[in-house]
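Notes follow once the structure below has been shown.
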Amino acid sequence: MRRRHELVSLSCCLSGLVLVLLLLALSARAQRQAQTDPSEVASLNAIFSRWGLRASTAWNINGEPCSGAAIDNTDIDNDHEFNPAIKCICSYNASTICHITRLKVYRLDVVGQIPAELQNLTYLTNLNLAQNYLTGSLPTFLEKLAQLQYLHLGTNALTGVLPRELGNLENLISLAISANKFVGPLPEVVENLTKLEQLWASDNDFTGKIPDYIGNLSI
Ligand SMILES: *[C@@H]1O[C@H](CO)[C@@H](O)[C@H](O)[C@H]1NC(C)=O
Ligand SMILES: *[C@@H]1O[C@H](CO)[C@@H](O)[C@H](O)[C@H]1NC(C)=O
Ligand SMILES: *[C@@H]1O[C@H](CO)[C@@H](O)[C@H](O)[C@H]1NC(C)=O
């Protein structure tokens, strides 16, 4: 009789312990911040190291890129303090994963080519690399950034023909490539960009008749 009583109380304590452990695990999970997709972190690090840039502690808190200004209400497009800067969305994989959706490296005298690691930032909707000294041609892998809506590359030293693959960026709303050294035909590439509303293309060596600026392309 007494033995049974002990067993009952033991099983009661065990289930209590299990419950406490479960609650601890759940609250730890709830408190854990969503983290940047590891392949995007590695790619961003590689890009910044190629360009000689440092991530700001305003958004790269304790080595977690999607933190601080990257995930609060900071408007990095209009705030000169945040440059270079990123923005992220952290609702992926049940709010455990953040993806980088914006990258701004504006007017920072960056010298070099557009790095191959950029193709891994596939959640980018907004890429602003304007007013640097980027050289080389536009890589065909840009087509992998299929979410891109804003692609701003104006005032650099980019050369060559625009790759046909640019025509696959079907979500593009705004394309700024003026003041570079692009050659060849432009209209053939942009004709498939059915959502394009703004195009800045002056000060290049494009062939054919191209307006310097086109607003509201979709009539
Ligand atoms: C980026 O993408 C390339 C090509 O898909 C791949 O070879 C490379 O390992 C990727 N880098 C990272 C850091 O994931
Ligand atoms: C997020 O979920 C997707 C789809 O289930 C999966 O393919 C991907 O690997 C996950 N990402 C990470 C970083 O765990
Ligand atoms: C435009 O789209 C059509 C139909 O998908 C395709 O055949 C053509 O090659 C594309 N043009 C360019 C320049 O990408």
Side-chain angles (χ1 to χ4, degrees), residues 18-77 79 82-106 108 110 112-129 134 138-153 163-175 192-195:
V18 167
L19 190 69
V20 167
L21 286 177
L22 196 71
L23 285 175
L24 280 176
L26 280 176
S27 76
R29 199 185 150 179
Q31 278 164 18
R32 200 195 309 145
Q33 248 197 326
Q35 297 199 322
T36 317
D37 184 318
S39 87
E40 293 181 30
V41 178
S43 301
L44 191 68
N45 279 333
I47 293 167
F48 273 36
S49 109
R50 283 181 197 282
W51 283 347
L53 297 173
R54 293 183 74 92
S56 156
T57 49
W59 50 264
N60 184 44
I61 299 166
N62 297 326
E64 175 55 49
C66 292
S67 59
I71 53 172
D72 65 16
N73 292 330
T74 304
D75 176 6
I76 61 164
D77 291 325
D79 197 327
F82 299 99
N83 188 24
I86 62 168
K87 282 303 236 188
C88 309
I89 291 179
C90 292
S91 56
Y92 292 94
N93 297 40
S95 295
T96 59
I97 299 291
C98 306
H99 290 295
I100 299 170
T101 55
R102 289 168 180 241
L103 172 60
K104 180 178 89 165
V105 178
Y106 174 72
L108 289 177
V110 163
Q113 306 205 339
I114 295 179
E117 289 84 1
L118 191 63
Q119 67 191 291
N120 299 335
L121 303 183
T122 51
Y123 288 80
L124 281 182
T125 58
N126 192 314
L127 178 60
N128 182 0
L129 306 178
L134 297 176
L138 271 197
T140 56
F141 66 65
L142 277 183
E143 73 175 331
K144 294 189 181 168
L145 308 184
Q147 313 290 330
L148 270 189
Q149 297 179 330
Y150 300 85
L151 177 55
H152 289 190
L153 303 169
R164 290 180 68 86
E165 287 78 2
L166 209 56
N168 294 333
L169 294 177
E170 56 182 28
N171 290 308
L172 219 51
I173 294 171
S174 178
L175 176 63
N192 281 4
L193 300 173
T194 52
K195 292 185 188 163

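As the structure lists them, so they are numbered: ligands from 1, and atoms in each ligand from 1. Side chains are part of it too, since the values below use all heavy atoms of this structure and drop only hydrogens, waters and symmetry mates.
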- Query: His99 vs Tyr123 aromatic rings, parallel, tilted or perpendicular, using cut-offs 30° and 60°?
  - Reply: parallel

- Message: Could you check whether any side-chain N or O of Lys87 sits under 3.5 Å from a backbone N or O of Ala69, counting only pairs where one atom can act as donor and the other as acceptor?
- Response: yes

- Message: So which atom in Thr140 and which in Pro163 form the shortest heavy-atom distance, rounded to 0.1 Å?
- Response: CG2-CB, 3.9 Å

- Task: Considering heavy atoms of the protein only, find what lies nearest to atom 14 (O) of ligand 2 and give residue, atom and distance to 0.1 Å.
- Result: Asn93 ND2, 3.7 Å

- Note on the structure: Closest to atom 13 (C) of ligand 2 among protein heavy atoms sits Ile97 CD1, 3.4 Å

- Query: So, for atom 9 (O) of ligand 2, does the protein have a heavy atom nearer than 4.0 Å?
  - Reply: no

- Within 4.0 Å of atom 4 (C) of ligand 2 (strictly less), any protein heavy atom? no

- Hey, is CG on Asn62 packed in by over 12 heavy atoms from elsewhere, all under 6.0 Å? no

